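Just so we're clear, the structure is a prediction, and the values are computed from it rather than from any experiment. By convention in this document, chain letters (A, B, ...) are assigned in the order of the sequence lines, proteins followed by strands, and residues within each chain are numbered from 1.
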2 protein chains.
Amino acid sequence: MSTKTSTDTELESERPLRADARRNRERIIEAARELFAGERPNVQMDEVAHRAGVGVGTVYRHFSDKEALMGELVRQRFDLFNENLRQALADEHPGAFTALAAALRANLVSVAEDAATRFAFMSGGERVFAHAASEMEEFMLLANELIRRAHLAGELRDDFQASDIPMVMCGICATIDVSKPGWDWQRHLTLILHGMRA
Amino acid sequence: MSTKTSTDTELESERPLRADARRNRERIIEAARELFAGERPNVQMDEVAHRAGVGVGTVYRHFSDKEALMGELVRQRFDLFNENLRQALADEHPGAFTALAAALRANLVSVAEDAATRFAFMSGGERVFAHAASEMEEFMLLANELIRRAHLAGELRDDFQASDIPMVMCGICATIDVSKPGWDWQRHLTLILHGMRA
DNA sequence: ACCTGAACACCGTTCAAGT
DNA sequence: ACCTGAACACCGTTCAAGT
């Protein structure tokens, strides 16, 4: 849902983009995703442009700078997070805590499978997250509802609050990215879920 | 303890350094600490040199590259972590789990107070941690003993293992560094401690 | 409207010359 | 033995010229 494609320079410039420009934009994002996921830590804008089959200038026409490009990956990921949260709110059969846990796990599985976005999450500062501001806002609304239900069901610790959800996700995400021997994000999540349980 | 000051290029070159070189080295580390802790995300090697009152070449004489300089900050921090773990092993009055919790809290307090080291922890890849290899090894030995005791006391979940200690520290450390509104590393730690409890 | 890529700027790193 | 800083290399970003 909500596959917004606004130019990142201005918040609300919703002119529809020429067909070739649209295609280029898509290719640039795809190229960035592939290259950022690679083993080499620092990917150059020239490489992204080359792999996308465009000139560097075109990359900068679509994304004001490198952080904006990473920001787009983050934005798309939050879109997917929100999808997972909505799913959890819909499937109410299992119980409020289970639904919350499932949403967290689904989000982190998607992060674990996507090294490029993880790179954007980690290496980028606040500038990167600014590009996903509205998606993050919706994320908080959905998270709020999810924990409200779990609290009502008496299954979640009283002092657990909505902002703890992105916080623990950030923590687990960091450990996925560092990934020392013996580290296992699944156990990390399980541990935190134990701590969340009322 | 163990204020090792080996040149970072070779693992075990223990020649004692001329007095002025030693002083310069100290100043460079101090300058890096001050600048990395500043608001601007990317500090230049020239700035570090200037603040330390030396030429850039001198910085590179002491540290093979920028990551080695960050690595030294990480190394010193692990020295301090180890000190905290030893302390926890010595103060056995309170109980094994309490000792473990105190060690974790002490480590994270020191991280929370030191933006420069946090920067080094986060922005650096494995290359940075390689500089603290032996300190990290000792850290694991101490952590092992700490959790062994907590397991014996029956106060720690059976499936909690030694490598989970740096893992959760890494996770909390990441959330300290990002620090969105509503995030609180103290509650993050408390949450995890709840999950650790047998 | 959009694209190109040579040119520029910035910053990590080196090395010839100094003490 | 150690220091200096100008020179070099690399890569993010811009912009004049194209379609």
Using purine N1 to pyrimidine N3 plus N6-O4 or O6-N4 for Watson-Crick, or N1-O2 and O6-N3 for G-U wobble, each under 3.5 Å, what pairs with [N]?
N      : answer
D:dC3  : none
D:dC10 : none
C:dA17 : none

Output the distance between atom [atom1] ([X]) and atom [atom2] ([Y]), rounded to the nearest 0.5 Å.
X      : Y      : atom1 : atom2 : result
B:M70  : B:E67  : CE    : CD    : 5.0 Å
B:L100 : B:R149 : CG    : CZ    : 11.0 Å
A:L141 : A:L85  : CG    : CG    : 10.5 Å

[X] [atom1] to [N] [atom2], straight-line distance once rounded to whole Å:
X     : N      : atom1 : atom2 : result
B:H50 : D:dG5  : NE2   : C1'   : 13 Å
B:R40 : C:dC11 : CZ    : C1'   : 12 Å
A:D20 : C:dC3  : CG    : C1'   : 9 Å
B:I28 : D:dT4  : CD1   : C1'   : 12 Å
B:R25 : D:dA1  : CZ    : C1'   : 16 Å
A:L35 : D:dC11 : CG    : P     : 13 Å
B:R22 : D:dC3  : CZ    : P     : 13 Å
A:E47 : C:dG5  : CD    : P     : 16 Å

Query raised in the report: B:F121 ring centre to B:R77 NZ or CZ under 6.0 Å, with the angle to the axis within 45°?
Result: no
Requested in this report: Name the closest nucleotide to the B:N24 side chain, picking from D:dC3, C:dC2, C:dT4.
Outcome: D:dC3
**Report entry** Nucleotide of C:dC2, D:dC2, C:dT4 approaching B:L17 most closely (side-chain heavy atoms)
**Finding:** D:dC2
Query - Phosphate-side-chain proximity, B:H62 and D:dC3, N/O vs OP1/OP2 below 4.0 Å - result: yes
**Report entry** Stepwise salt bridge (Lys or Arg N to Asp or Glu O under 4.0 Å) check, A:E83 with A:R86
**Finding:** CA-CA 5 Å; A:E83 204 56 47; A:R86 270 184 233 109; 2.8 Å; yes
Query raised in the report: How would nucleotides 12-19 of chain C be written as a contact map, 5' to 3', with B for base contact, S for sugar-phosphate-only contact and - for no contact, using protein heavy atoms under 4.0 Å?
Result: SBB-----
Query raised in the report: With no hydrogens and no angle check, do the side chains of B:E72 and B:Q76 hold a donor and an acceptor under 3.5 Å apart?
Result: yes
Report summary line: Correct closest heavy-atom pair for A:Q161 and A:I147 would be C-CD1, 3.7 Å
